[in-house]
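In what follows, a structure is listed as structure tokens, so that the remarks can point back to it.
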Amino acid sequence: MLTAEHITKKYGKKEALHDLSFVLQDGTVNVLLGPNGAGKSTMMKSIIGLLKYEGSIELDGISTKENEVRRKLGYIPELPALYPNLTVREHMEFIARVYNLKNYKDRMNSLLDRFEMTSQEKKFGDELSKGMQQKLNLCLGLLPDPDFILLDEPMIGLDPHAIKELKNLILELKAQGKTILISTHIIDSIESLWDRTIILAHGEIKADVTREESGERKLEDVFFAVTEEQA
């Protein structure tokens, strides 16, 4: 379970996040929604430990600032950050060494095969198309088999087959008891996946709604009802 309490983040005098608090349960798919500049990426980067902030974020009662907890977090950023002089397979091997993974090769091969990257494994990072870079980005973030997975606009640039595989994989991870947090603008792409949505505007939580609480409403309807009311 991830608990965020009174998260505030300032860039100079500008407040990007204001007193955010929420709880994400194990084995759930959570969606972070909001217009551009709402604070979604700032919140994601705060959870993973890339930004300093006021307040506390804990995973299973331990601060995410602790190294032992950070190893349980997986972060797939919106923009892949690949090494131009490493091949696809060398990228995977590098992550395995960083995390000191044992018996990882079956999982590595399974991920590469699932996202149709096996035929690309000898290509260098700068030789890959944007879609292929995003597929590798996903494989790298999932290789350590983290307990809590943050996906920032994960489906941008993916082909239909990869989107289908990613959706299936998210449901499999949920069934394993893992917690997923997705930040996206493509609301209909996660309509069949979400258990809870947190809607941000101007750095504040404007709604925190479960699928059960939404009734028969689609996620898109929930989002526009909140954001249009705020506007």
Side-chain angles (χ1 to χ4, degrees), residues 1-4 7 20-35 38-48 57-60 64 69-70 72-78 107 110-111 114-115 134-135 137-158 160-201 205-227:
M1 181 173 68
L2 183 130
T3 304
I7 305 303
L20 271 62
S21 296
F22 55 85
V23 176
L24 305 182
Q25 300 292 337
D26 295 342
T28 58
V29 178
N30 308 273
V31 184
L32 201 58
L33 296 176
K40 300 186 301 299
S41 292
T42 299
M43 188 66 240
M44 299 279 274
K45 291 176 181 178
S46 296
I47 292 174
I48 200 66
I57 303 175
E58 296 183 346
L59 182 63
D60 297 331
T64 55
V69 175
R70 286 186 178 181
K72 296 181 180 181
L73 298 172
Y75 176 52
I76 292 90
E78 178 180 359
R107 180 172 176 80
S110 176
L111 286 168
R114 186 161 196 168
F115 288 101
Q134 180 64 348
K135 290 181 182 181
N137 195 33
L138 288 164
C139 291
L140 295 172
L142 295 171
L143 181 61
D145 197 20
D147 294 328
F148 187 97
I149 303 147
L150 300 100
L151 300 158
D152 195 353
E153 297 290 358
M155 298 180 192
I156 289 182
L158 295 182
H161 179 269
I163 290 175
K164 178 183 176 182
E165 286 301 320
L166 178 57
K167 287 182 177 181
N168 289 337
L169 183 55
I170 288 172
L171 292 176
E172 291 171 18
L173 294 169
K174 172 185 172 180
Q176 295 170 18
K178 298 182 185 296
T179 309
I180 299 101
L181 179 61
I182 304 170
S183 173
T184 184
H185 286 93
I186 312 174
I187 300 176
D188 59 349
S189 68
I190 40 84
E191 180 63 53
S192 62
L193 303 175
W194 72 288
D195 297 304
R196 180 182 219 98
T197 183
I198 297 171
I199 300 175
L200 300 181
I205 294 177
K206 300 302 181 181
D208 184 349
V209 183
T210 66
R211 181 183 286 274
E212 289 76 15
E213 291 169 343
S214 71
E216 298 297 322
R217 290 187 299 170
K218 292 183 177 180
L219 181 57
E220 183 178 60
D221 296 333
V222 176
F223 174 75
F224 284 115
V226 172
T227 54

So which atom in S21 and which in I205 form the shortest heavy-atom distance, rounded to 0.1 Å?
O-CD1, 3.5 Å

Nearest-0.5 Å distance that lies between atom OG1 in T210 and atom CZ in R196:
6.0 Å

Decide yes or no for M44 and I48: does some side-chain heavy atom of the first lie under 4.5 Å from some side-chain heavy atom of the second?
no

Please examine the side chains of L151 and I170, heavy atoms only from C-beta on, and report whether any two atoms are closer than 4.5 Å.
yes

Measure across L158 and K135 and return the closest heavy-atom pair with its distance rounded to 0.1 Å.
CD2-CG, 3.8 Å

Just wondering, do F115 and L166 contact through their side chains at under 4.5 Å, heavy atoms?
yes

Is the backbone of C139 close enough, under 3.5 Å, to the side chain of R114 for a donor and an acceptor to pair up by distance?
no

Do you know which two heavy atoms are closest between E191 and L219, and how far apart they sit?
OE1-N, 3.0 Å

Grab the two heavy atoms, one from G34 and one from H185, that are nearest each other, plus how far apart they are.
O-NE2, 3.9 Å

Side chains of N137 and P77: does their closest heavy-atom pair fall under 4.5 Å?
yes

Can you tell me how far apart CG (L59) and CE (M1) are? Round to the nearest 0.5 Å.
9.5 Å

Any chance you could measure T64, atom OG1, to K72, atom NZ, to the nearest 0.5 Å?
12.0 Å

If I compare all heavy atoms of G74 with all of P146, which pair ends up nearest, and what's the gap?
N-CB, 3.4 Å

Audit row: D147, D60, side chain to side chain contact (heavy atoms under 4.5 Å, CB included) steps and yes/no:
CA-CA 11 Å; D147 294 328; D60 297 331; 5.7 Å; no

Has the side chain of D208 got a donor or acceptor atom that lies under 3.5 Å from a matching backbone atom of I198?
no

Quick check for you: to the nearest 0.5 Å, what is the distance between K167 atom NZ and K164 atom NZ?
11.0 Å

Evaluate the side-chain proximity of I163 to S189: yes if any heavy-atom separation is below 4.5 Å, no if none is.
no

For a 4.5 angstrom cut-off between non-hydrogen side-chain atoms, does I199 reach V222?
yes

Working for side chain to side chain contact (heavy atoms under 4.5 Å, CB included), residues F148 and D26:
CA-CA 9 Å; F148 187 97; D26 295 342; over 6 Å; no

Work out which heavy atom in L33 is nearest to a heavy atom in T197; give both atom names and the distance.
CD1-OG1, 3.5 Å

dist N168:CG -> E165:CD (nearest 0.5 Å) comes out at 5.5 Å

Over 12 foreign heavy atoms within 6.0 Å of NZ, K45:
no

Do I57 and M43 have side chains that approach each other closer than 4.5 Å (heavy atoms only, starting at C-beta)?
yes

Carefully, step by step, assess Y75 and D152 under the rule side chain to side chain contact (heavy atoms under 4.5 Å, CB included).
CA-CA 8 Å; Y75 176 52; D152 195 353; 4.0 Å; yes

Is the backbone N or O of W194 less than 3.5 Å from a side-chain atom of R211, with the two atoms forming a donor-acceptor pair by type?
yes

Is it true that E78 and K40 have a side-chain N and a carboxylate O under 4.0 angstrom from each other?
no

Please walk me through it: do Q25 and T179 pass side chain to side chain contact (heavy atoms under 4.5 Å, CB included)?
CA-CA 7 Å; Q25 300 292 337; T179 309; over 6 Å; no

With no hydrogens and no angle check, is any side-chain donor or acceptor of D195 less than 3.5 Å from a backbone partner on N30?
no

Enter the distance from L200:CG to K206:NZ here, rounded to the nearest 0.5 Å.
9.5 Å

Could you tell me whether the side chain of E220 and the main chain of D188 form a donor-acceptor pair under 3.5 Å?
no

Report yes if the side chains of L169 and L142 come closer than 4.5 Å at any heavy-atom pair, otherwise no.
yes

